[in-house]
Asks: 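A single structure is presented below for examination.
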Amino acid sequence: MDLDTFGEILWYAIPFTPIITIPIAWRLIKTKWYYRILIGLIFSLILSTILYSVSLSICFRDGMGPG
């Protein structure tokens, strides 16, 4: 798997971060249910931003595209 494929996987993983992070926050944080969801959404926003920046830096490392 080359680096472009890894960047593409990260790009497509961005919308699925709330599906992963909200259940993790639900299990780890023992507060009211709306705080769990809010913290899970904040965590997914941070994770989505990290995935976005990494995938764009992979995409534009040598210009646009592999050629």
Side-chain angles (χ1 to χ4, degrees):
M1 175 168 47
D2 63 340
L3 201 56
D4 289 327
T5 307
F6 183 67
E8 188 174 346
I9 290 171
L10 291 181
W11 179 261
Y12 287 120
I14 291 171
F16 298 109
T17 54
I19 297 171
I20 298 167
T21 57
I22 290 176
I24 291 172
W26 194 272
R27 293 185 137 232
L28 295 178
I29 300 168
K30 303 297 181 196
T31 59
K32 297 186 182 210
W33 65 271
Y34 48 86
Y35 287 131
R36 292 178 185 179
I37 293 175
L38 183 67
I39 291 171
L41 287 174
I42 291 171
F43 181 56
S44 71
L45 178 70
I46 292 168
L47 188 61
S48 295
T49 305
I50 291 170
L51 291 177
Y52 177 75
S53 65
V54 169
S55 66
L56 280 184
S57 66
I58 289 172
C59 178
F60 292 113
R61 72 187 185 283
D62 291 328
M64 189 70 166

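Computed over heavy atoms, backbone and side chain alike; hydrogens, waters and symmetry mates excluded. If you're wondering where the values come from, they're calculated on a predicted model, not measured in any experiment.
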Asks: Is there a path of hydrophobic side-chain contacts, each under 4.5 Å between heavy atoms of I/L/V/M/F/W/Y residues, joining Val54 to Leu51?
Replies: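 As far as the 4.5 Å side-chain criterion goes, Val54 and Leu51 are connected within one cluster.
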Asks: Count the heavy atoms of every other residue, nucleotide or ligand shown that sit under 6.0 Å from NZ of Lys32, and state whether that count exceeds 12.
Replies: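 Result for NZ/Lys32: open.
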Asks: Hey, could you give me the CD1/OG1 distance between Ile24 and Thr17, rounded to the nearest 0.5 Å?
Replies: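 Ile24 CD1 to Thr17 OG1: 10.5 Å, rounded to 0.5 Å.
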Asks: Can Trp33 be reached from Tyr35 by stepping across I, L, V, M, F, W or Y side chains whose heavy atoms are under 4.5 Å apart?
Replies: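 Result: yes, single cluster for both.
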Asks: Do Arg27 and Arg36 come close enough that some side-chain heavy atom pair is under 4.5 Å?
Replies: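 Arg27 vs Arg36: side chains apart.
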Asks: Do Ser44 and Leu41 come close enough that some side-chain heavy atom pair is under 4.5 Å?
Replies: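 Answer yes - side chains close enough.
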Asks: Any heavy-atom pair between the side chains of Tyr34 and Leu38 that's under 4.5 Å?
Replies: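 The answer is no, as the side chains (C-beta and beyond) never meet within the 4.5 Å cut-off.
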Asks: What closest approach, in Å, do Ser55 and Ile14 show between heavy atoms, and which atom pair accounts for it?
Replies: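 Reported closest heavy-atom pair: OG-CD1, 4.5 Å.
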Asks: Would you mind reporting whether Trp26 and Ile37 have side-chain heavy atoms less than 4.5 Å apart?
Replies: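 The answer is yes; the side chains approach within 4.5 Å.
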Asks: What distance separates Leu10 CG from Leu56 CG, expressed to the nearest 0.5 Å?
Replies: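 Going from the CG atom of Leu10 to the CG atom of Leu56 covers 10.5 Å.
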Asks: What about Ile42 and Ile50, same hydrophobic cluster or not, with Ile/Leu/Val/Met/Phe/Trp/Tyr joined at side-chain heavy-atom distances under 4.5 Å?
Replies: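 In one cluster: yes.
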Asks: Mind checking the CD1-OG1 spacing from Ile58 to Thr5? Nearest 0.5 Å is all I need.
Replies: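 Interatomic distance, Ile58 CD1 to Thr5 OG1, rounded to 0.5 Å: 10.0 Å.
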Asks: From Ile29 CD1 over to Ile39 CD1, what is the distance, rounded to the nearest 0.5 angstrom?
Replies: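 The distance works out to 4.0 Å.
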Asks: OG/Ser57 to OH/Tyr52 distance, rounded to the nearest 0.5 angstrom?
Replies: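 Rounded to the nearest 0.5 Å, the OG-OH separation comes to 11.0 Å.
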